[in-house]
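Report on one structure; see the data block that follows.
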There are 2 protein chains.
Amino acid sequence: MTIDNEATLAARAPDGYDPSDYAPFAVTVDLTVFTIRTGRLCLLLVQRAEDPYARAWALPGGFVKPAEGIDSAASRELLEEAKVDVFTGHLEQLATYGDPDRDPRMRVVSVAYLAFAPDLPDPVAGSDAADARWWAIDDILDGETGVSLAFDHQQIISDGLERVRAKLEYTTLAARFVAEPFTLGDLHAVYTAVWGMPVRLTNFRRKVTSTEGFVIPVDGHSAPGPAGGAPAALYRRGPANELHPPLRRGER
Amino acid sequence: MTIDNEATLAARAPDGYDPSDYAPFAVTVDLTVFTIRTGRLCLLLVQRAEDPYARAWALPGGFVKPAEGIDSAASRELLEEAKVDVFTGHLEQLATYGDPDRDPRMRVVSVAYLAFAPDLPDPVAGSDAADARWWAIDDILDGETGVSLAFDHQQIISDGLERVRAKLEYTTLAARFVAEPFTLGDLHAVYTAVWGMPVRLTNFRRKVTSTEGFVIPVDGHSAPGPAGGAPAALYRRGPANELHPPLRRGER
DNA sequence: CCAAAAGTGTTTAAGCTACACCCATGA
DNA sequence: TCATGGGTGTAGCTTAAACACTTTTGG
């Protein structure tokens, strides 16, 4: 085999790989971090300071470091950008995006992640960002609101959103959106925010409490809201991860 | 920003990216191609000819080419290695694996895909492979059969297997495992092979035929088996992709 | 007392399970 | 006529949907 001095990778590949077969790629992680704020499903975006896509909004993320695993890179970015650790929230791989022209500068493959977090304070813009803030998902997708998105991030967000919606059906991950302890009303608000509206509260309550390990009662009661109402029982997250049978969203 | 002459990527990055932030990666696709042969769930593996892991079995796959999208690379490999086109079978992203030490030679990020195919002829080994064949999934995972797997492919296979099993519950993808036209008995055999056994045939039939768009009756009847039995009605795949409510495997 | 939110009971419809039974074919 | 596989009918159970109703709090 021949050595191509122009490519670091080729110089490092000892055997079995023909350098003419491949080019080096940059690998990044992009995060779709979802949370609920004032009853709306929100996503964390950062505003780009530099070209390409200067002033456009983009998913938080960054390069995977040379000695770092991809999942580790994602949790690092999650902690840096949203101050969320993996234990209070939830982090999973979403999909990988690698069209040759998704970044005009060079060949970049991005591994997208999906993260859920309980309500968080406003983020601070990082060094390479002009701004950072939570956007309501409706405002992002409406197009009218003036959120212009960088790269293929519109596609990633749309895939992430569909995944969140689906995950609430057959997992207990909705509980990752609320801080402990929480009421069944809080949990119900997560479903209505993520799905858009329906979900009969009365049957929802029965479903949640009858699913072993979804929520665990804790002592005490919530304070009633400003307009009154009975104090609600408090719960924390249980050990169950799956929901059998699933909680269906009203779209059939 | 400075230019690092040792890295092709860095030399190409015009703005906004600091070359000290990242290293170049090789990007590959690996395929978990599943099919049913003689009533058993099988997976396509190739035997490696070169070190590392010479003589060990590995998932078919290869490098993503410089001007090629990742999904395109996967369909190209699927066609090359298994002679399956995306239209008769099914191809979707599984997950991305990128631990720093998963390949001892260099930093490789692999995007794994999941593919389903109807029964296929025996594969032929490619140029860089010593052998290629279908393995029953039980024999691969048993450990006793002597199938030693390269890289982290044991993990990828295990993730792929779990995904196939789950997908049969809530999608109509089982029909991608059978050639058209097929009988309900053929389809039932897919479920028992993938899940391990149960599935009540009598209720299974009702579920499949009552799900709008799962299967479409075609004219004609199958020839009975060697030991007799009635001729079975024939079907082709319908347009539906999802199964609501799902077909549960007996594990609750 | 009224509005708002928490929580319970009950009726009805739908879906799934299990099992019995009949039909068509080849040996 | 028997074994084998295809296919239907039906009773009974479990679950989910819909809606009525009670309780607790703040104004």
Side-chain angles (χ1 to χ4, degrees), chain A residues 38-39 168-170 178 181-193 195 197-212 214-235 240 242-252, chain B residues 38-39 168-170 178 181-193 195 197-212 214-235 240 242-252:
Chain A
T38 60
L168 289 213
E169 293 193 24
Y170 59 93
V178 290
F182 53 87
T183 69
L184 294 183
D186 295 336
L187 195 56
H188 178 250
V190 172
Y191 278 86
T192 58
W195 284 347
M197 246 323 270
V199 189
R200 219 80 42 177
L201 174 57
T202 172
N203 294 325
F204 171 83
R205 170 189 312 282
R206 248 185 286 262
K207 176 79 179 179
V208 171
T209 51
S210 71
T211 300
E212 189 81 15
F214 191 167
V215 296
I216 297 175
V218 297
D219 285 343
H221 288 268
S222 73
L234 295 175
Y235 298 86
E242 309 213 330
L243 220 47
H244 286 315
L247 200 49
R248 301 290 322 287
R249 63 186 131 154
E251 43 95 15
R252 71 168 77 187
Chain B
T38 62
L168 289 214
E169 294 193 27
Y170 60 93
V178 291
F182 53 87
T183 69
L184 294 183
D186 295 336
L187 195 57
H188 179 249
V190 172
Y191 278 86
T192 58
W195 283 348
M197 246 323 271
V199 190
R200 217 84 39 177
L201 175 55
T202 174
N203 295 325
F204 171 82
R205 169 188 314 282
R206 252 185 283 261
K207 177 78 182 180
V208 171
T209 52
S210 70
T211 300
E212 188 80 17
F214 192 167
V215 296
I216 296 173
V218 297
D219 284 345
H221 287 269
S222 73
L234 294 175
Y235 297 86
E242 309 213 330
L243 221 47
H244 284 316
L247 200 48
R248 299 292 320 285
R249 62 186 131 154
E251 42 94 16
R252 73 166 79 190

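Each chain gets a letter, A, B and so on, in the order the sequences are listed, and its residues count up from 1.
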Contact state string [nucleotides 18-27 of chain D, B base, S sugar-phosphate only, - no protein heavy atom under 4.0 Å]: BB----BBSS

Residue pair A:Ala240 / A:Glu212: nearest heavy atoms and the distance that separates them: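 Closest pair (atom of A:Ala240, atom of A:Glu212, distance): CB-O, 3.5 Å.
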
For A:Pro224, side-chain contact (heavy atoms from CB on, under 4.5 Å) partners two or more places apart: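 In terms of side-chain contact (heavy atoms from CB on, under 4.5 Å), with neighbours along the sequence ignored, A:Pro224 is linked to no residue.
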
I need the [atom1]-[atom2] distance between [X] and [N], as an integer number of Å.
| X | N | atom1 | atom2 | answer |
| --- | --- | --- | --- | --- |
| A:Lys207 | D:dT14 | NZ | P | 16 Å |
| A:Phe182 | C:dA6 | CZ | P | 14 Å |
| B:Arg248 | C:dC16 | CZ | C1' | 12 Å |
| B:Leu201 | C:dA18 | CG | P | 14 Å |
| B:Phe204 | D:dG5 | CZ | P | 17 Å |
| B:His188 | D:dG7 | NE2 | C1' | 14 Å |
| A:Leu184 | C:dG7 | CG | C1' | 10 Å |
| B:Leu234 | D:dG6 | CG | P | 12 Å |

Rounded distance [0.5 Å steps], CZ in B:Phe182 versus NE2 in B:His188: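 Reported to 0.5 Å precision, the distance equals 14.5 Å.
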
Rounded distance (nearest 0.5 Å) linking atom CZ of A:Arg200 with atom CZ of A:Arg206: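 Going from the CZ atom of A:Arg200 to the CZ atom of A:Arg206 covers 12.5 Å.
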
Comparing B:Asp186 and A:Pro246 on DNA chain D - which has the more 5′ nearest nucleotide: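 Closest to the 5' end, via its nearest nucleotide, is B:Asp186.
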
Side chain to side chain, B:Thr192 and B:Leu201, heavy atoms closer than 4.5 Å: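 Sidechains of B:Leu201 and B:Thr192: no contact.
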
By side chain to side chain donor-acceptor pair (under 3.5 Å) - contacts of B:Thr183 (at least two apart):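 With neighbours one apart ignored, the set is B:Asp186.
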
Among D:dA16, C:dT8, D:dG7, the nucleotide that comes nearest once only the side chain of B:Arg205 is considered: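 Of D:dA16, C:dT8, D:dG7, D:dG7 is nearest to the side chain of B:Arg205.
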
